[in-house]
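For reference, the structure is listed below as structure tokens.
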There are 2 protein chains.
Amino acid sequence: MATAAAPVWSVDPRTGKPREQVAVEATAAEVDTAVRAAHAARAPLADRAVRTAFLRRAADLLDEAGEAVIEAADAETALGPGRLTGELARTTYQLRAFADLAADGAFLDVRIDHADPGLAPPRPDLRRYKIPLGPVAVYAASNFPLAFSVPGGDTASALAAGCPVVVKAHPDHPATSELCAALLRRAATDTGLPEGVLGLVHGLQAGVDLVRHPLITAAGFTGSVRGGRALYDAAAARPHPIPFHGELGSLNPVVVTEAAAGERAEQLGAGLAASMTLGVGQFCVKPGLVLAPEGAAGDRLLTALTAAVSNTEPGVLLDHRMRDAFVDGVRTRAELPDVQAPVTPGAGGEHTVSAGFLTVPAARLTTEGPHDLLLEECFGPVTVLARYTDDAEIAAVLARLPGNLTATLQLGEAEGAGSDGTGRGAALLAGLTPLAGRVVVNGWPTGVAVAPAQHHGGPYPATTSTSTSVGGTAVERWLRPVAYQDTPPALLPPELREDNPLGLPRRVDGRAEGA
Amino acid sequence: MATAAAPVWSVDPRTGKPREQVAVEATAAEVDTAVRAAHAARAPLADRAVRTAFLRRAADLLDEAGEAVIEAADAETALGPGRLTGELARTTYQLRAFADLAADGAFLDVRIDHADPGLAPPRPDLRRYKIPLGPVAVYAASNFPLAFSVPGGDTASALAAGCPVVVKAHPDHPATSELCAALLRRAATDTGLPEGVLGLVHGLQAGVDLVRHPLITAAGFTGSVRGGRALYDAAAARPHPIPFHGELGSLNPVVVTEAAAGERAEQLGAGLAASMTLGVGQFCVKPGLVLAPEGAAGDRLLTALTAAVSNTEPGVLLDHRMRDAFVDGVRTRAELPDVQAPVTPGAGGEHTVSAGFLTVPAARLTTEGPHDLLLEECFGPVTVLARYTDDAEIAAVLARLPGNLTATLQLGEAEGAGSDGTGRGAALLAGLTPLAGRVVVNGWPTGVAVAPAQHHGGPYPATTSTSTSVGGTAVERWLRPVAYQDTPPALLPPELREDNPLGLPRRVDGRAEGA
């Protein structure tokens with residue numbers, strides 16, 4: 001007798017009640033079917049013009065269906081129409097940016113070295129470019145039902161690279177996932193691609209089956225350290241290991257100098273409150289640890305932060321499991337010796353949570369001990385203000401931090417200008433750089449601009465690779481180089497032909513062409 | 001009572017006799033010391049001008065000591081002065097090429113996006129470049145005591161990136177390793193760097209300790225599937241996993257079409273014999289499987305191959321363990337049903353091996369079975385000629401192959417020109433591309449030119465990553481991006497300053513500067 005398929009429910013986090021059954025969890029056979037369909041879509045997706053059109057069409061269809069998409073996402077995530085409208089705009093912008101990238105083809109990294117029979121040994125003709133790896137597994141994030149989920153950056157960059165995708169939906173937004181997948185599949189058929197170019201599966205075990213599938217060639221993941229590490233380990237343990245680009249977790253430390261606090265404590269308190277409570281504290285770049293000075297200036301910051309956080313309305317987390325984890329997490333942290341809670345974070349109403357923050361003497365964080373819990377990410381609207389007495393204590397805490405997506409520095413005016421005579425600004429910037437993939441000065445880490453110079457990644461556990469998951473270079477994760485040696489012109493792919501029929505940017509004999 | 005340190009002997013493979021005790025195996029404490037010294041060398045190595053000078057000085061010192069280096073390497077590896085002279089030239093060329101790369105700085109991949117307050121949301125100023133990961137572990141290869149060992153491509157590319165290196169010496173050439181390390185350290189002190197910028201350890205356990213060391217941030221490896229996979233697994237199992245760029249093993253298939261054999265069977269037989277016996281068959285790109293047609297043309301190729309291989313003198317393998325593995329490996333393969341040995345490979349004299357080759361009907365390789373052994377690399381002067389009856393059989397064998405460093409295609413003239421009316425040339429090229437990182441047409445895979453368009457890598461197990469270990473882009477393996485957001489000009493590293501004081505190539509607001 002076959003086991004009944006496990007139902008996948010869409011749940012309203014505002015009430016904890018199931019809304020509708022959206023799907024069933026995928027069996028191993030269904031995962032296999034999705035992967036094989038993706039594998040079969042490689043050939044039609046190999047045409048860059050086709051995938052450019054596909055990505056643009058996907059963006060258009062998502063925009064057209066915007067109202068329905070936002071409604072579905074809000075009903076499942078409680079992120080609110082305002083935030084979701086912005087996230088949809090970011091998502092379609094991203095799809096179009098990757099379409100432009102696919103059209104441009106610079107990421108093919110074409111390099112041609114002509115034969116040189118005069119060298120010892122003689123050099124053959126070598127022509128190299130990058131080709132897609134093959135089907136990619138994408139693990140959707142809880143906290144971005146669009147921009148880091150089915151139609152998100154991992155999917156868009158993989159498709160732009162020429163890799164079909166199978167997404168493992170996040171259980172917090174299965175209906176939104178199904179809706180977006182349907183739109184992407186319609187965009188595929190509208191542009192002459194098979195539907196299988198974008199697969200979707202639900203279920204924890206399906207996610208494990210997916211990363212182990214022999215035809216899957218790489219994976220992208222956004223989520224927790226625990227879940228991400230388990231999948232990373234599965235990817236590495238395969239008979240044929242595959243690249244696993246995971247964004248796992250980040251504390252996102254902030255250092256506020258005495259001078260910065262002295263000059264603008266009120267502004268810093270308000271800014272920090274806004275950043276840590278944005279999206280109910282559910283951003284991967286939420287500032288989770290703030291090194292603030294002891295003394296009067298730091299006290300003013302604390303007062304401003306207290307006022308601003310106290311004014312924050314209770315919010316709904318993405319699901320009740322997260323709500324429980326948040327409530328437990330902040331309670332356990334608040335019970336540590338010398339930890340105080342000027343604004344107590346925790347349960348709000350039956351389904352909500354209240355924002356708050358904890359304080360601790362930085363000295364408690366300079367050596368191993370129970371306070372190390374404060375150096376672990378706590379998902380939700382809470383941050384930890386660690387009060388330091390001098391620069392040495394800042395350095396001692398920073399030395400104990402794991403890798404991060406971001407590190408932030410709040411400097412006084414003279415420190416920023418390098419005119420304070422201490423070199424503190426440069427020293428702190430140098431101290432934060434090894435800790436993170438993005439260093440923010442006199443701002444807040446929330447808000448990750450999609451731009452060519454962006455980097456969203458960082459030392460482990462922030463990410464499991466040295467690549468970025470945001471911005472154009474994210475496409476590089478899904479490609480591998482291949483060099484053709486002494487290949488007759490008639491057989492060369494058009495990308496590598498001498499006359500450059502596709503007008504690609506190239507490096508010829510070591511020099512950028514046209515440069 | 002402390003255990004006595006295990007001695008490390010230099011052994012003469014021509015006699016199997018120990019030559020001298022070179023060192024002792026490193027204890028965990030000694031590995032730790034070497035890694036800490038490398039870690040401490042990061043700051044002085046951060047100056048690109050210094051590391052440029054260092055790499056050039058290293059090349060000069062190696063050239064100056066060339067006679068001694070070649071003598072040491074020949075005594076331990078029996079590769080012969082001719083080959084080793086060429087390898088030394090390749091090694092110093094490589095060091096100078098990476099010095100040029102370090103001086104140029106294009107690999108820093110500088111990208112600047114100016115703030116755009118008009119966007120929604122407003123875009124901050126973002127400036128990104130790549131920074132060195134930190135100390136790198138390099139595992140030296142048996143078969144290239146110079147070019148893929150202490151002063152080889154992994155070391156040179158890591159140093160060019162700004163990463164200090166600790167090399168785990170290969171037990172086949174400990175004296176050469178010590179000599180080269182001493183020269184590199186002298187180059188370091190000559191150019192103002194600490195000796196610790198280049199560490200050297202001996203011993204199997206030291207190699208494991210090295211990849212597990214918390215301060216090691218990445219690893220490069222050239223060697224066997226078994227050894228490489230064990231270290232890859234150790235790297236992935238760390239609390240903080242690190243990138244492991246391993247080159248593990250490769251069969252390097254060759255397809256000879258009926259037309260190619262018909263037009264130049266004699267030339268192909270002689271060329272194949274030369275390629276598979278080069279360096280006593282100890283190249284990672286040795287052609288290990290040749291798909292040749294049944295029938296008269298293929299018979300001519302076989303005859304030519306037989307003649308050429310029969311004329312090959314017995315040779316000395318790198319060590320006696322490899323000799324035993326070769327003798328066992330070819331015997332086991334030769335005993336398989338339907339396998340014949342027109343020239344029997346195996347033991348030559350007491351310390352030598354004879355080259356040879358096996359034939360098998362390709363039909364034996366199209367389904368799983370004991371003949372799969374023929375699809376595994378056999379290190380040494382042997383290849384397997386698989387005789388096929390039609391294109392479908394070629395495709396069926398190719399579909400069963402693991403990843404490779406190279407794949408080679410021998411075409412008839414009309415096939416190469418695409419004028420034979422069958423499209424066979426393009427179809428075979430497309431069929432070989434997924435199998436390898438370099439596709440060679442009408443040539444042989446041995447000989448890996450150091451050039452910008454080169455790619456030495458391929459699908460697993462050829463390599464464990466999508467990067468190359470030869471050519472300029474090998475430097476990318478040791479870097480990670482970091483983006484600075486809204487950072488005051490006075491604090492920016494010079495690489496990211498608006499006025500570009502270092503004259504670096506950059507992409508500004510999405511466009512290559514000057515383009």
- prompt: Taking B:R480 for the side chain and A:G457 for the main chain, is one N or O donor matched with an acceptor at less than 3.5 Å?
  reply: no
Heavy-atom closest pair (A:A236 atom, B:A236 atom, distance to 0.1 Å) is CB-CB, 3.7 Å
Interatomic distance, CG@A:L409 vs OG1@B:T487, rounded to 0.5 Å, equals 8.5 Å
- Task: Give a yes or no on this: more than 12 heavy atoms of other residues, nucleotides or ligands lie within 6.0 Å of atom CD of B:E498.
- Result: yes
Applying a strict 4.5 Å limit to non-hydrogen atoms, the region of A:R506 in contact with chain B is neither
Closest non-hydrogen contact found for B:A490 with A:G418 is CB-N, 4.2 Å
Does a side-chain heavy-atom distance below 4.5 Å link B:R111 with A:T473? yes
Determine, step by step, whether B:L428 and A:L491 satisfy the side chain to side chain contact (heavy atoms under 4.5 Å, CB included) criterion, reporting the C-alpha distance in whole Å, the side-chain angles of both residues, the deciding distance to 0.1 Å, and the verdict. CA-CA 10 Å; B:L428 283 171; A:L491 303 187; over 6 Å; no
When the 4.5 angstrom heavy-atom criterion is applied to A:A426 and chain B, the contacting part is both
With chain A, the option among B:P434, B:P481, B:G443, B:P488 that has the most non-hydrogen atom pairs under 4.5 Å is B:P481
Separation between OH (B:Y484) and OG1 (A:T433), nearest 0.5 Å, reads 2.5 Å
So, the part of A:V110 with a heavy atom under 4.5 Å from chain B: the answer is neither
Output for pair (A:E476 CD, B:E476 CD), nearest 0.5 Å, gives 7.5 Å
Bottom line for A:Y93: the part with an atom under 4.5 Å from chain B's heavy atoms is side chain
Taking every heavy atom of B:D113 against every heavy atom of A:A451, the minimum-distance pair comes out as OD2-CB, 3.1 Å
If one checks every heavy atom of A:P402 against chain B at 4.5 Å, the contacting part turns out to be neither
Rounded to the nearest 0.5 Å, the CG atom of B:D109 sits from the NE2 atom of A:H455 at a distance of 11.5 Å
When rounded to the nearest 0.5 Å, the distance separating CH2 of A:W478 from OG1 of B:T466 is 10.5 Å
Bottom line for A:A430: the part with an atom under 4.5 Å from chain B's heavy atoms is neither
The interface call for A:L119 against chain B, heavy-atom contacts under 4.5 Å, is neither
| request: For the pair B:R128 and A:Q454, evaluate side chain to side chain contact (heavy atoms under 4.5 Å, CB included) and give the outcome as yes or no after the intermediate values. | output: CA-CA 7 Å; B:R128 167 184 151 161; A:Q454 185 59 278; over 6 Å; no
When you measure from the side chain of B:D486 to the backbone N and O of A:V441, does any donor-acceptor pair fall under 3.5 Å?
no
In the structure I gave you, are the side-chain heavy atoms of A:R229 and B:P241 within less than 4.5 Å of one another anywhere? yes
Honestly, the part of A:F244 sitting under 4.5 Å from a heavy atom of chain B is neither
Smallest heavy-atom separation, A:G510 atom then B:P452 atom, equals CA-CG, 4.1 Å
Looking only at heavy atoms, the pair that brings B:Q485 and A:W444 closest together is NE2-O, 4.2 Å
If one checks every heavy atom of B:P121 against chain A at 4.5 Å, the contacting part turns out to be neither
